[in-house]
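Here's the structure we're looking at; comments come further down.
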Amino acid sequence: MWILYAVLSSFFAGLTSILAKIGINKTDSTVATAIRTIVVVIFSWIMVLVVGSINTISNIETKSLVFLILSGLATGASWLCYFRAIQIGDINKVVPIDKSSTIITIILAFIFLDEAISQLKIFAIILIAVGTFLMIDMKNFIFFSKDSTNAWFIYALLSAIFAALTAILGKIGIENIESNLGTAIRTVVVLIMSWIMVLVEGKTKELKKINSKELKFIVLSGFATGGSWLFYYKALQDGLASVVVPIDKLSIVFTIIFSYIIFKEKLNKKTFLGLVLIIAGTLLMLV
């Protein structure tokens with residue numbers, strides 16, 4: 001049953017990107033992130049109440065709290081970059097780069113957490129890296145031009161880097177804390193960070209410009225994220241983490257399917273091969 005929960009987590013994670021893309025068609029991505037984070041915060045604290053870990057808040061050590069806050073800041077940065085990327089770029093291109101955070105996480109875990117990298121993992125990393133490269137249209141690609149239509153690449157890459165940092169910092173911070181409580185604390189940090197960004201960038205006026213349709217999809221994307229987390233942690237609770245995590249990363253498959261149905265974003269032979277390699281590399285993580 002826990003495998004089904006992991007698949008459902010992947011499904012809702014894929015749905016999140018699509019709903020968010022619709023919700024930020026005209027709405028500023030930073031403002032949209034701040035709004036949807038409110039929904040996610042509610043979900044995360046509901047999880048804390050359900051598992052009954054709220055009474056353990058007073059037992060959190062200073063070191064753990066610091067790393068949880070740092071993890072939350074990294075999460076917020078990742079979300080802000082990701083939703084900016086999908087606002088100005090195609091989901092089919094953004095998502096593979098964002099999912100490459102798996103590679104960065106493995107490398108950082110090797111450097112900072114002394115986690116071994118097996119030959120099989122190295123092969124999986126190569127497959128994911130090659131697959132990601134194939135899914136990016138490199139023709140006339142300008143990497144670091146602010147005015148370039150390829151600016152989405154910078155945001156997607158930063159999203160992946162911050163997502164990897166989230167995993168490393170979160171692992172250190174959550175060592176002696178119930179995982180749902182740790183996630184809830186991190187999400188509060190993300191909420192505060194996202195609204196500070198709205199204020200700093202002077203985008204509070206954008207709140208009045210949000211039309212009801214986009215607001216609905218922004219909120220729905222928050223619910224999808226919350227649903228993904230609920231199934232994800234239920235799967236982790238009942239099953240093997242080494243199997244659950246890679247299945248969750250396969251949300252890219254659902255995202256690609258949804259983007260084809262809703263946005264008519266199609267894969268050519270090269271990008272389809274890239275997707276196959278990414279899936280193969282991710283599945284190798286299950287071994």
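Please read these numbers as outputs of a predicted model, since none were measured by experiment. Residue numbers count from 1 along this sequence.
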[Y] side chain reached by [X] side chain, heavy atoms, under 4.5 Å:
{"X": "Thr27", "Y": "Lys209", "value": "no"}
{"X": "Thr56", "Y": "Ile177", "value": "no"}
{"X": "Gln87", "Y": "Lys21", "value": "no"}
{"X": "Leu127", "Y": "Ile278", "value": "no"}
{"X": "Phe12", "Y": "Thr225", "value": "no"}
{"X": "Ser29", "Y": "Leu80", "value": "no"}
{"X": "Ile18", "Y": "Ser259", "value": "yes"}
{"X": "Val189", "Y": "Leu73", "value": "yes"}

[atom2] on [Y] to [atom1] on [X], rounded to 0.5 Å:
{"X": "Glu206", "Y": "Asp28", "atom1": "CD", "atom2": "CG", "answer": "5.5 Å"}
{"X": "Leu134", "Y": "Leu277", "atom1": "CG", "atom2": "CG", "answer": "6.0 Å"}
{"X": "Ile103", "Y": "Leu108", "atom1": "CD1", "atom2": "CG", "answer": "12.0 Å"}
{"X": "Leu191", "Y": "Ile196", "atom1": "CG", "atom2": "CD1", "answer": "10.0 Å"}
{"X": "Phe162", "Y": "Leu169", "atom1": "CZ", "atom2": "CG", "answer": "11.0 Å"}
{"X": "Thr37", "Y": "Ile42", "atom1": "OG1", "atom2": "CD1", "answer": "11.0 Å"}

Please check if the number of heavy atoms outside Glu201 that lie under 6.0 Å from its CD is greater than 12.
yes
Could you work out, with ring pair (Phe, Tyr, Trp, His ring centres under 6.0 Å) as the rule, every residue matching Tyr155, not counting sequence neighbours?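 Applying ring pair (Phe, Tyr, Trp, His ring centres under 6.0 Å) to Tyr155 gives none.
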- Could you list the residues that satisfy ring pair (Phe, Tyr, Trp, His ring centres under 6.0 Å) with Phe254, not counting sequence neighbours?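 Ring pair (Phe, Tyr, Trp, His ring centres under 6.0 Å) list for Phe254, sorted by chain: Phe11.
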Nearest heavy atoms of [X] and [Y], plus distance in Å:
{"X": "Met193", "Y": "Gly76", "answer": "SD-CA, 3.8 Å"}
{"X": "Gly72", "Y": "Val190", "answer": "O-CG2, 3.3 Å"}
{"X": "Ser221", "Y": "Arg36", "answer": "OG-NE, 3.2 Å"}

Practice problem: Could you verify whether a donor N or O on one side chain and an acceptor N or O on the other, from Ser17 and Tyr82, lie under 3.5 Å apart? | Solution: yes
Report yes or no: do Thr183 and Ser44 form a side-chain donor-acceptor pair below 3.5 Å?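 Side chains of Thr183 and Ser44: no pair found under 3.5 Å.
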Item to check | Derivation of the side chain to side chain contact (heavy atoms under 4.5 Å, CB included) call for Ile210 and Ile35 | outcome: CA-CA 11 Å; Ile210 304 175; Ile35 293 173; 3.4 Å; yes
Return yes if some donor-acceptor pair links the side-chain N/O of [X] with the main-chain N/O of [Y] below 3.5 Å, else return no.
{"X": "Glu61", "Y": "Ser64", "value": "no"}
{"X": "Ser118", "Y": "Lys121", "value": "yes"}
{"X": "Ser9", "Y": "Ser228", "value": "yes"}
{"X": "Ser10", "Y": "Ser251", "value": "yes"}
{"X": "Trp152", "Y": "Ile88", "value": "no"}

Residues Leu4, Phe231; criterion side chain to side chain contact (heavy atoms under 4.5 Å, CB included); working and verdict: CA-CA 9 Å; Leu4 175 60; Phe231 285 116; over 6 Å; no
| request: Measure up the Phe43 and Phe223 rings against each other and bin them: parallel (under 30°), tilted (30 to 60°), perpendicular (over 60°). | output: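 Phe43 and Phe223: perpendicular rings.
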TODO: Verify side chain to side chain contact (heavy atoms under 4.5 Å, CB included) between Tyr260 and Ile257, making sure each step is shown before the conclusion.
DONE: CA-CA 5 Å; Tyr260 173 75; Ile257 294 173; 5.9 Å; no
Exercise for the section: Determine, for Trp79 and Arg84, whether the Lys NZ or Arg CZ falls below 6.0 Å from the six-membered ring centre while staying within 45 degrees of the axis. Expected result: no
